[in-house]
Amino acid sequence: MAGVNDPIPLLPGQLSIAGEGTVSRGPGELVAPVVEPEERELEAALRPKNLDDFVGQERVRKQLSLVLAASKIRGRSADHVLMSGPPGLGKTTLAMIVAAEMNAPLRISSGPAIQHAGDLAAILSSLTEGEVLFLDEIHRMSRPAEEMLYMAMEDFRVDIIVGKGAGATAIPLELPSFTLVGATTRAGLLPGPLRDRFGFTGHLEFYSVAELELVLRRSAGMLDLKLTSAGFSEIAGRSRGTPRIANRLLRRVRDWALVHGIETIDARSASAALDMYEVDARGLDRLDRSVLEALVNKFNGGPVGLSTLAIAVGEESETVETVAEPFLVREGLLGRTPRGRIALPAAWEHLGLRMPGNAVAAAMLPIDEDI
């Protein structure tokens with residue numbers, strides 16, 4: 001079996017994590033690093049390297065640990081793994097952990113980069129024995145590539161079509177045993193036949209404040225930062241249940257403390273830093289508050305259509321729907337009804353406003369998806 005650090009040939013649409021210096025996306029194409037080496041090493045260091053260091057997701061972590069341990073005892077590649085859940089919860093990190101636990105090289109690609117069956121065939125044919133293939137946003141693959149993946153996952157072979165029309169010939173190509181790790185933020189868009197071919201499916205949940213504090217404590221130790229318990233709690237409470245956001249806010253607080261000459265960050269310092277970056281005590285950012293303020297102040301709490309609300313805040317409808325709404329709905333601040341978006345009582349309270357009587361009736365309507 002190839003080692004983790006063995007060089008891996010790259011194909012169009014692929015990205016290797018094992019390189020140094022510039023990032024290669026394929027033969028003859030080099031892309032300059034988007035971050036300084038020190039910052040890139042820092043980002044990599046914050047990622048857990050094994051399941052023991054991975055914080056949170058206790059159920060998924062235990063189940064995945066069992067799958068990997070059984071595969072190592074059998075001496076075979078692990079079953080294919082599907083990770084679903086909102087962005088920033090650790091799907092990519094778990095894919096890297098799978099490769100590390102299996103002592104196998106990792107190949108990274110994404111669904112949008114695979115638009116033709118030939119793209120997927122090129123990637124699969126270059127895999128080595130036991131290699132882990134990580135496909136991010138796997139639900140965005142093209143349909144021909146999905147259908148080719150069915151046979152590759154189940155029988156470890158693909159059929160290459162040579163020629164066209166009546167003279168076309170299918171040439172079977174045997175593949176080495178590999179493990180596919182798929183990640184998706186929208187598991188419902190995966191076809192049933194593809195979803196059923198994964199031996200293990202894990203759904204990642206949002207983190208609690210206590211779990212985020214553990215994530216922050218580990219990251220702070222690597223960044224050589226000193227925070228009080230109240231400082232950790234302040235940052236964790238504004239991180240929207242997402243480790244990626246928690247680590248990002250921690251680095252911004254680090255910058256603020258460095259500029260102001262503060263050695264130990266307490267709750268007051270963390271609050272001042274995050275207020276400057278427009279992240280309030282509940283984790284709402286500028287866009288979130290703009291949506292709530294427009295809904296409350298301009299439309300008396302709604303209901304109002306999505307496109308009208310987007311125009312009121314100067315954003316695209318898709319941005320409001322995919323970036324701001326999920327968190328606002330989860331926090332019970334915004335409701336989606338057949339007649340449009342409404343501000344719930346918690347939104348008025350969060351903005352420090354009194355909910356008028358005529359808005360109460362609208363807010364009490366049954367909440368449902370848009371028609």
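Just so we're clear, the structure is a prediction, and the values are computed from it rather than from any experiment. As a basis for the values below, the full set of heavy atoms in this structure was taken, side chains included, without hydrogen atoms, waters or symmetry mates.
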Salt bridge check, [Y] against [X]: does any charged N sit closer than 4.0 Å to a carboxylate O?
X	Y	value
E154	R197	yes
D275	R238	yes
R61	E101	no

side-chain contact (heavy atoms from CB on, under 4.5 Å) between L190 and H139: does it pass, once the steps are laid out? CA-CA 5 Å; L190 282 177; H139 64 272; 4.0 Å; yes
Spatial distance of atom CG (L135) from atom OG1 (T184) [nearest 0.5 Å]: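 Between L135 CG and T184 OG1, I get 11.5 Å after rounding to 0.5 Å.
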Can E315 and R286 be said to form a salt bridge (charged side-chain N to carboxylate O under 4.0 Å, His left out), step by step? CA-CA 12 Å; E315 297 284 354; R286 181 201 58 81; 3.3 Å; yes
Can a donor-acceptor pair be found between the side chains of T319 and E316 at a distance below 3.5 Å?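 Note: T319 and E316 side chains miss the donor-acceptor criterion.
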Do other residues, nucleotides or ligands put more than 12 heavy atoms under 6.0 Å from K226 NZ?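 Open.
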[Y] side chain reached by [X] side chain, heavy atoms, under 4.5 Å:
X	Y	result
R252	R254	yes
P86	T185	no
L94	V81	no
L204	S84	no

Verify the cluster assignment for F299 and L306: are they in a single hydrophobic cluster under the rule of side-chain heavy atoms below 4.5 Å apart?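 Yes, one cluster joins them.
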Please verify the inter-ring angle class for F156 with F178; under 30° counts as parallel, over 60° as perpendicular, anything in between as tilted.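 Ring orientation of F156 relative to F178: perpendicular.
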